[in-house]
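We count residues from 1, following the sequence as given.
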Amino acid sequence: ANATLNVAAFHADGAAGLGAGSRSGSVTSRVLPCRGRAPIVTAKVVGSGHVSVGILDDAGRPVAGRSVADAIPVLLDATDEEVGWRSERAAPIPERCVLQFELAEATLFTFGFASTARADRAARRDFARAMARLAKAEGRGVLRLWAMFALTTLSCAALRSFSLRLQRCLTRGRKGEVE
């Protein structure tokens, strides 16, 4: 293919990638266990570049409605982005398939299949939300505890002041009676 291998700093998934400059290039995978799942890509796209993905069956024939020409191109930097196609009547993704990538002004870092990446991303998002709720609840708890401590301290100070005044009043009254 016309693509070149580049080393680039991008993010955790992007230590090295397959890139193409202003001239587009394509690369084809070996036969992969697709299991009917949509492909995902992690890529960096520059300027007016794109990454398009087509699916071929295990014999190398294009799957109807899922060719590179039918693909909705990835036009921006993407991390585990599920690729799509324009046709609503595309044939199902086979159990075993070959992926065909077309790149222009882009670097492809990783590719895989949707279900595992989407589930991992959803699990991380749910965990982050749960931790945020927990932190918020803990913050409210600490605030309530501080407020209760402050009110208890104020109450104790007020009660002590009142008891000292009462004691002085009672002591003055007794001194007046004795004299």
Side-chain angles (χ1 to χ4, degrees), residues 1-140:
N2 297 331
T4 58
L5 186 64
N6 295 323
V7 176
F10 184 58
H11 50 72
D13 285 344
L18 194 62
S22 58
R23 290 181 38 190
S24 67
S26 66
V27 63
T28 304
S29 75
R30 61 180 175 80
V31 177
L32 302 168
C34 301
R35 296 188 182 99
R37 299 171 295 167
I40 57 168
V41 296
T42 297
K44 181 172 183 161
V45 179
V46 180
S48 60
H50 72 274
V51 176
S52 296
V53 182
I55 297 183
L56 310 174
D57 63 17
D58 57 1
R61 296 180 301 263
V63 174
R66 298 195 187 271
S67 68
V68 170
D70 296 322
I72 298 171
V74 175
L75 301 173
L76 302 171
D77 292 352
T79 302
D80 292 338
E81 183 73 27
E82 187 173 326
V83 298
W85 294 270
R86 291 182 183 93
S87 175
E88 293 180 20
R89 296 185 186 150
I93 298 171
E95 287 295 308
R96 294 171 41 87
C97 68
V98 174
L99 298 181
Q100 185 176 30
F101 300 94
E102 181 182 277
L103 302 120
E105 294 185 57
T107 302
L108 176 66
F109 292 105
T110 63
F111 64 90
F113 295 94
S115 64
T116 57
R118 189 180 302 144
D120 290 347
R121 207 171 35 206
R124 283 192 301 263
R125 184 181 59 243
D126 291 346
F127 179 75
R129 285 181 183 159
M131 292 305 292
R133 283 193 303 269
L134 179 63
K136 192 174 182 180
E138 284 180 355
R140 282 193 305 260

> R133: what forms a side chain to side chain contact (heavy atoms under 4.5 Å, CB included) with it, not counting sequence neighbours?
Replying inline: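 Counting only residues at least two positions away or on another chain, R133 forms a side chain to side chain contact (heavy atoms under 4.5 Å, CB included) with R129, A130.
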Atom pairs and distances, donor-acceptor, side-chain atoms in residues 97-106, under 3.5 Å, two or more places apart:
| residue | atom | partner | partner atom | Å |
| --- | --- | --- | --- | --- |
| E102 | OE2 | H50 | NE2 | 3.0 |

Provide the closest heavy-atom pair for [X] versus [Y] in the form atom of the first, atom of the second, distance.
| X | Y | answer |
| --- | --- | --- |
| I55 | P94 | CG2-CD, 4.2 Å |
| P39 | W85 | CD-CH2, 3.6 Å |
| R37 | F113 | O-CD2, 3.5 Å |
| F111 | L32 | CE1-CD1, 3.8 Å |
| P73 | A71 | CD-O, 3.4 Å |
| A20 | G25 | CB-N, 4.0 Å |

>> What's the separation between atom CG in D80 and atom CD1 in I40, rounded to the nearest 0.5 Å?
In response: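 Answer for the CG-CD1 pair, D80 versus I40, is 4.0 Å.
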Listed pairs under 3.5 Å, donor-acceptor, residues 56-69 side chains, sequence neighbours left out:
| residue | atom | partner | partner atom | Å |
| --- | --- | --- | --- | --- |
| D57 | OD1 | A59 | N | 3.0 |
| D57 | OD1 | G60 | N | 3.0 |
| D57 | OD1 | R61 | N | 2.8 |
| D57 | OD2 | R61 | NE | 3.1 |
| D57 | OD2 | R61 | NH2 | 3.0 |
| R66 | NE | A91 | O | 2.6 |
| R66 | NH2 | A91 | O | 3.3 |
| S67 | OG | A69 | N | 3.4 |
| S67 | OG | D70 | N | 3.2 |
| S67 | OG | D70 | OD2 | 3.0 |

>> So for atom CZ, which belongs to R86, do other residues, nucleotides or ligands contribute more than 12 heavy atoms lying within a distance under 6.0 Å?
In response: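 Yes, the 6.0 Å shell around CZ holds more than 12 heavy atoms from other groups.
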>> Surrounding CG of L76 (heavy atoms of other residues, nucleotides or ligands, distance under 6.0 Å), is the total greater than 12?
In response: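 Not more than 12 within 6.0 Å, no.
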